[in-house]
Amino acid sequence: MLDINVIRNYPDKVKQAIINKHETSANIDLILELDTQHRSMIFACEQLKSKRNEKSKEVNALKKSGKDATALIEETRNIGDEIKSIEENLHGMDAQIKDLLLRIPNIPADDVPVGKDANDNAIVKSWGERKSFDFPPLPHWELGTNLNILDMERSSKITGSGFILLKGLGARLERALFSLMLDVHTRDHGYTELFTPFLVNRTSMTGTGQLPKLEDDMYHIPSDDLFLVPTAEVPVTNIHRDEILSFKDLPLYYTAYTPCFRREAGSYGKDTRGIIRVHQFNKVELVKLVRPETSYQELEMLLGNAEKILQILGLEYRVAKLCTGDMSFAAAKCYDIDVWAPGLNKFLEVSSCSNFEDFQARRINVRYRGEDNKLRFVHTLNGSGLALPRTVIAVLETYQQKDGSIAIPDVLQPYMGGVKVIAKKA
RNA sequence: GGAGAGGUGGCUGAGCGGCUGAAAGCGACGGUUUGCUAAACCGUUGUAGGGACUAAAGCCCUACCCCGGGUUCGAAUCCCGGCCUCUCCGCCA
C-alpha cells in the first residue's frame, strides 16, 4: 500500500508507475477526488463531535447543580443524530478508499528498466559453463519416468493434473534439496529457520499483497475463509504484523520451507509437461525485515544467498533485473534467477528476489523505533532460496548420463544417504 | 463439541456511566549525585487522523482501554455479535 500522502503530492509519478507496471485497476483520480471529499467530511464530523462533547459536559454541570437539562439534552441528541448520519457515509467512503488504495501497485525503483514483458528484462549476470553432452539430453519427465522416481500419471489419479508424485530416490532427492538449502541458509547466511502454518487467513494474504488482486489464483477454504499458502512469504512476513520493533532487532532474517499452492488460473496450456508448472510445489523461502536505508544492500545479499545454492549444486544460471512490466504488484525492484535445463534447452525461473520497500510493511503495519525514538515502517524483502521442482529439473537434466542414470552432485550425497547415482533398478 | 474465566499503555495491574488518554508499580529516556558501576532523587515517556500555518517545532480538534454494532446528553465502564487467550470435560493424530 502506498502512503496516501505520496498520491496526494505526486499523483503523476504514481500514474506513471501504474502505466509502467501495466496495472489497469488502479484509479488515481478517483482516489484523489474521494480523498478530498472524505477529508471535508471528517472535518465536519469532528466539529460536531467537539460540539457534542462540550454540550455533554454542560448537561453534567447542570445536573450537578440541580437544574433542569431537558432542553440541552434534546439539543445534544440532535447533534448526535447528525453525527450518526455523517458517520455512515464516512464508513462507506473509508472502505472504498481503502479498497482502491490496496489495488495500487508499488512504485518501481529508479534503476528498474521500463519495459513491457520478460523480453525487456536486463540480464545482469551469468554463472557457470554450458554443459555439453555427447548424446541428446532428455527432458526430466522422460528421465524421471524411466528411473521410476517420478509418476505423473498416478498423481493425476490421486488429485488431477499438475500434481507431483515422487518415488524412492526421487522423493529422497526432493527432501535432500530442501534440507541442503535450509542448512546453508541457517548455517552460512544467518537466517533463522521457521516452520509455519500452511493455511493463512484473509488478513495475512492482504498484508503481503496477494489479495485482493490475485484471489482467483489462490486455493480457498470457504468454510473457514482460509487460504493455502501460495508461498512462505505470506506466513513469514506476517509474523510481526501490527508490531513495533526496536532498531536493535533489525535486520531480521527468516527462512522457511513450505509447500506452495497455486491454482495457476489463466496459465492453462502453458508448460503442461513434466513438473515445470504445478499446483503444489515445495520451496524454501528467504524473508528479511530491515531498516529502510539498508534495504537495497540487503537485496543484493539476499540474491547472493539464493545464487549460492545453485553454485554449490554446480548448475548454470543467469540473473535478470526485471523490467517494470514483468515485476509483481508489490515489488519495487526484483531480480529473477533462471537455471539452465539442458533437456528442455531453456532457462527456468527458480527464484525471484524482491525489495518491497515499505509497501508490505504499511499493509501489515510493522514499524520500528529508531535511535531517535521515531517510528518508521520497516522495509521487507523476500526471495526463493529456491523453488524445488525446477531445481530438481535442473539437477536431473544437467547430471543425466548416457545410460539414463543421474550422477548426484557431491554436496547432495550426504543428504542422499551416500547415494552417488540414481540408476534404473536391474 | 460442552461448561466457565478473561482480553486496559513497552510490561504488571487498578478503574466498572461524566472529575480517566486512563491510578500505581516496573521498564525506557533525560538530568542531579558519583573515581567507575550500582543506588537514591528530579523530570520526561502512546499512536493515528484532521485543521490553521510556507515547512518543521509547537498549537487546536477528533479518535483509540481486542474488533464491530447498540443503549445514553455522555461508554474503558452497561447490552448484543465476532475474534483471540486460558481452565475443566468430551473427542482425537
Side-chain angles (χ1 to χ4, degrees), chain A residues 1-10 31-102 195-207 211 221-227 235 238-250 252 259 289 358-359 361-378:
Chain A
M1 187 163 68
L2 294 181
D3 185 350
I4 182 84
N5 284 307
V6 171
I7 299 170
R8 282 175 194 160
N9 297 332
Y10 310 101
I31 288 184
L32 287 172
E33 195 188 314
L34 287 172
D35 179 52
T36 308
Q37 282 178 39
H38 185 238
R39 272 196 285 178
S40 68
M41 268 164 79
I42 287 175
F43 185 67
C45 191
E46 287 187 351
Q47 288 210 314
L48 285 172
K49 281 182 177 173
S50 178
K51 213 198 276 182
R52 181 183 63 183
N53 290 346
E54 231 170 85
K55 302 266 181 194
S56 284
K57 278 181 192 157
E58 282 177 40
V59 169
N60 189 33
L62 282 179
K63 283 199 165 179
K64 279 226 164 116
S65 60
K67 291 184 190 142
D68 175 52
T70 340
L72 195 55
I73 286 175
E74 177 63 25
E75 192 187 334
T76 314
R77 182 184 297 139
N78 291 337
I79 297 176
D81 291 344
E82 211 176 326
I83 291 172
K84 200 171 278 181
S85 77
I86 294 182
E87 275 190 331
E88 267 171 39
N89 289 324
L90 214 48
H91 285 154
M93 205 170 230
D94 247 354
Q96 198 185 350
I97 291 173
K98 185 86 192 287
D99 185 67
L100 287 166
L101 225 41
L102 287 175
F195 197 89
T196 72
F198 300 159
L199 284 168
V200 295
N201 58 32
R202 187 171 283 276
T203 311
S204 294
M205 289 288 266
T206 307
L211 296 183
I221 316 287
S223 54
D224 300 288
D225 199 25
L226 295 175
F227 296 84
N238 273 282
I239 288 175
H240 295 290
R241 190 172 68 225
D242 291 321
E243 288 184 23
I244 294 172
L245 306 168
S246 162
F247 68 90
K248 294 174 196 149
D249 301 330
L250 302 177
L252 286 168
L289 275 64
D358 65 2
F359 187 86
R362 210 174 280 285
R363 288 176 167 233
I364 59 181
N365 191 29
V366 178
R367 292 171 296 173
Y368 76 100
R369 200 174 286 283
E371 288 96 327
D372 59 0
N373 230 29
K374 287 211 168 124
L375 290 176
R376 285 183 200 83
F377 287 106
V378 300

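All values reported here derive from a predicted model rather than from experimental measurement.
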* To do: Answer with base, sugar-phosphate or nothing: what part of the nucleic acid does A:Lys84 contact at a heavy-atom distance below 4.0 Å?
  => sugar-phosphate
* To do: Please tell me which of A:Lys64 and A:Glu88 maps to the more 5' nucleotide of RNA chain B, matching each residue to the nucleotide holding its nearest heavy atom.
  => A:Lys64
* Indicate yes or no: at least one non-hydrogen side-chain atom of A:Leu289 is less than 4.5 angstrom from one of A:Tyr368. => no
* d(CD1, A:Ile73; P, B:C73) in whole Å -> 6 Å
Table of protein N/O atoms under 3.5 Å from nucleotides 74-81 of chain B N/O atoms:
unit_1, atom_1, unit_2, atom_2, d
B:G74, O4', A:Ser56, OG, 3.1

* Asked: Any side-chain heavy atom of A:Thr203 within less than 4.5 Å of one from A:Arg241?
  -> yes
Under-3.5 Å N/O pairs linking protein and nucleotides 45-49 of chain B:
unit_1, atom_1, unit_2, atom_2, d
B:U47, O3', A:Arg367, NH1, 3.2
B:A48, OP1, A:Arg367, NH1, 3.2
B:G49, N2, A:Glu46, OE1, 2.8
B:G49, N2, A:Glu46, OE2, 3.2

* Which atom of A:Asn238 lies closest to which atom of A:Gly207, heavy atoms considered -> OD1-CA, 4.4 Å
* Side-chain heavy atoms of A:Asp358 within contact of A:Arg362, under 4.5 Å -> yes
* Asked: Contact class for A:Lys57 vs. all strands (heavy atom < 4.0 Å): base, sugar-phosphate, or nothing?
  -> nothing
* Say whether, by atom type as modelled, one donor and one acceptor occur between the side chain of A:Thr76 and the main chain of A:Leu72 under 3.5 angstrom. => yes
* Find the partner of B:U20: check Watson-Crick (N1-N3 plus N6-O4 or O6-N4) and G-U wobble (N1-O2, O6-N3) distances, both under 3.5 Å, and reply none if neither fits. => none
* **Span that lies between the P atom of B:G74 and that of B:G4, in whole angstrom** => 33 Å
* To do: Counting Watson-Crick and G-U wobble pairs only, both distances under 3.5 Å, name the nucleotide matched with B:A28, or none.
  => B:U44
* Roughly how many Å is it from CD in A:Gln47 to C1' in B:C60, rounded to a whole number? -> 11 Å
* When rounded to the nearest Å, what value does the distance between C1' atoms of B:G9 and B:A93 take? -> 42 Å
* Side-chain touch A:Leu252/A:Leu245, heavy atoms, less than 4.5 angstrom -> yes
* To do: Look at all strands and tell whether A:His91 reaches a base, only sugar-phosphate, or nothing, counting heavy atoms closer than 4.0 Å.
  => sugar-phosphate
* Asked: When you compare B:U12 with B:G6, how far apart are their C1' atoms, in angstrom units rounded to a whole number?
  -> 16 Å
* B:C64 P sits how many Å from A:Asp242 CG, rounded? -> 18 Å
* Distance in angstrom units between A:Leu90 CG and B:G50 C1', rounded -> 11 Å
* Do A:Phe359 and A:Leu2 have side-chain heavy atoms sitting under 4.5 Å apart? -> yes
* Length of the line joining A:Glu87:CD and B:U62:C1', which is rounded to integer Å -> 11 Å
* Asked: Rounding to the closest angstrom, what is the interatomic distance between B:C84 and B:C67 at atom C1'?
  -> 10 Å
* Asked: Would you call A:Arg77 and A:Asp81 a salt bridge, taking side-chain N to carboxylate O under 4.0 Å as the test?
  -> no
* To do: Using atom CG of A:Asp68 as one end and atom C1' of B:C73 as the other, report the distance to the nearest whole Å.
  => 13 Å
* Carboxylate-amine/guanidinium contact A:Lys49 A:Glu87, below 4.0 Å -> yes
* Rounded to the nearest angstrom, tell me the gap between atom NE2 in A:His38 and atom C1' in B:G51. => 15 Å
* Asked: Which value, in whole Å, describes the distance between the C1' atoms of nucleotides B:G2 and B:C16?
  -> 30 Å
* Asked: So what does A:Lys55 hit on the nucleic acid, given a heavy-atom distance under 4.0 Å: a base, only sugar-phosphate, or nothing?
  -> nothing
* Find the distance A:Glu371:CD to B:G30:C1' and express it as a whole number of Å. => 17 Å
* Distance between P atoms of B:G17 and B:A75 (Å, rounded) -> 14 Å
